[in-house]
Amino acid sequence: MTDSSTFLAAPAKLTISLKMTGIRADGMHLIDAEMVTLDLFDTLEVDPEGDGLTVIGGGEDIQTGPSNLVNQALALVGRTAGVSLTKRIPSQAGLGGGSSDAGAILRWAGFDDLGAAAGIGADVAFCTVGGRARVFGIGEIIEPLEFIERTFTVVTPPIACSTPAVYRVWDDLGGPSHSSGNDLEPAALVVAPELATWRDELWEAAGTRPMLAGSGSTWFVDGAHPGPGRTVVKTTPAGWQPAF
């Protein structure tokens, strides 16, 4: 850390309802969703006098080159910086880890063009705003909602659930809706049928049917149900930062 470094929190995103509303001419899917941020977060140390991205923790699939959303966010705002990213949010879990990291960079840079933010990742716009919001379009239309403190229990199976694969299967299935509140759930279970085992274990523990977070692989239920493999989280308001 240098005297010019800033520490940023990048809160996970939880999609607590997801309705697919159509497909644009360019193939991008349109959504109507409610999203919240959580007190599960990655940490970024940003040094504006440095250069390059290092990642601590996370899976081996995390790249540090131009494809990383942190680097894409820096490119979007025309900045260079040295960034040390400590990962706590699981990747490919439907919790917006990479998008949250990018959103933290955009907030740090004072960037508020949500359309451009969504251009580097559909969840980046919401993760830039944070808190609780209704999200439309491809993710670029954000309508902030009153913050409500809620507690959830999440379970993230050791299963990487590819978002593009889930969307392709949703298309192949004819674009189904689902009574759980997440229209992508049937497609995710086709892509990764073993997700059902983790759903049913959480269902039994909580006594409530879990819902899939985004395109998966995380399942969640309302309330605190601590236990092996389960994480209890709380919602956070926009602008939330933990004490570093």
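Because only heavy atoms are used, hydrogens play no part in the values below, and waters and symmetry mates are left out as well, while side chains stay in. Small disclaimer: the values here were computed from a predicted structure and weren't measured.
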Asp101 and Leu69: side-chain contact (heavy atoms from CB on, under 4.5 Å), yes or no, with the steps? CA-CA 7 Å; Asp101 301 334; Leu69 286 175; 6.0 Å; no
[X] and [Y]: same hydrophobic cluster, using ILVMFWY side-chain contacts below 4.5 Å?
{"X": "Trp108", "Y": "Val83", "value": "yes"}
{"X": "Leu202", "Y": "Trp198", "value": "yes"}
{"X": "Met20", "Y": "Val135", "value": "yes"}
{"X": "Val129", "Y": "Ile31", "value": "yes"}

Could you state the interatomic distance from [atom1] ([X]) to [atom2] ([Y]), rounded to the nearest 0.5 Å?
{"X": "Ile105", "Y": "Gln72", "atom1": "CD1", "atom2": "CD", "answer": "12.5 Å"}
{"X": "Arg150", "Y": "Asp222", "atom1": "CZ", "atom2": "CG", "answer": "4.5 Å"}
{"X": "His178", "Y": "Leu18", "atom1": "NE2", "atom2": "CG", "answer": "12.5 Å"}

Any salt bridge (charged side-chain N to carboxylate O under 4.0 Å, His left out) involving residues 179-203? Give me the pairs, sequence neighbours left out, ordered by first then second residue. Lys19-Asp183, Glu185-Arg209
Any side-chain to backbone donor/acceptor pair from [X] onto [Y]? Under 3.5 Å, distance only.
{"X": "Arg230", "Y": "His225", "answer": "yes"}
{"X": "Arg132", "Y": "Glu146", "answer": "yes"}
{"X": "Thr153", "Y": "Val221", "answer": "no"}
{"X": "Thr218", "Y": "Ala93", "answer": "yes"}
{"X": "Asp47", "Y": "Gly82", "answer": "no"}
{"X": "Ser100", "Y": "Cys127", "answer": "no"}
{"X": "Thr235", "Y": "Phe147", "answer": "no"}

Connecting only ILVMFWY residues whose side-chain heavy atoms lie within less than 4.5 Å of each other, what is the rest of [X]'s hydrophobic cluster?
{"X": "Ile89", "value": "Leu14, Ile16, Val36, Leu38, Leu40, Leu95, Phe152, Val154, Met211, Phe220, Val233"}
{"X": "Met28", "value": "Leu30, Ile138"}
{"X": "Val232", "value": "none"}

Minimum heavy-atom separation for [X] to [Y], with atom names?
{"X": "Gly97", "Y": "Asp42", "result": "O-OD2, 3.9 Å"}
{"X": "Ala10", "Y": "Leu44", "result": "CB-CD1, 3.7 Å"}
{"X": "Ala104", "Y": "Leu8", "result": "O-CD1, 3.6 Å"}
{"X": "Gly98", "Y": "Lys87", "result": "N-NZ, 4.1 Å"}
{"X": "Asn182", "Y": "Gly214", "result": "ND2-O, 2.8 Å"}

Among all residues two or more places apart in sequence or in another chain, which pass the ring pair (Phe, Tyr, Trp, His ring centres under 6.0 Å) test with Trp170? His29
How would you list, by chain and number, every residue that makes a side chain to side chain contact (heavy atoms under 4.5 Å, CB included) with [X], sequence neighbours excluded?
{"X": "Val190", "value": "Val169, Leu173"}
{"X": "Asn68", "value": "Leu53, Ile62, Val70, Asn71"}
{"X": "Thr43", "value": "Phe7, Phe41, Thr86, Arg88, Phe244"}
{"X": "Glu204", "value": "none"}

Pair up each side-chain donor or acceptor in residues 113-123 with any protein partner under 3.5 Å, not counting sequence neighbours, and list the distances.
| residue | atom | partner | partner atom | Å |
| --- | --- | --- | --- | --- |
| Asp113 | OD1 | Gly115 | N | 3.2 |
| Asp113 | OD1 | Ala116 | N | 3.1 |
| Asp123 | OD2 | Lys13 | NZ | 3.0 |

Name each donor-acceptor pair under 3.5 Å that joins a side chain in residues 157-167 to protein atoms two or more places apart or in another chain, with its distance.
| residue | atom | partner | partner atom | Å |
| --- | --- | --- | --- | --- |
| Ser162 | OG | Ala165 | N | 3.3 |
| Thr163 | OG1 | Ser215 | OG | 2.8 |

Can you list, pair by pair, the side-chain donor-acceptor contacts under 3.5 Å of residues 236-243, counting residues two or more places apart and other chains?
| residue | atom | partner | partner atom | Å |
| --- | --- | --- | --- | --- |
| Thr236 | OG1 | Thr37 | O | 3.3 |
| Thr236 | OG1 | Thr37 | OG1 | 2.9 |
| Gln241 | OE1 | Ala9 | N | 2.9 |

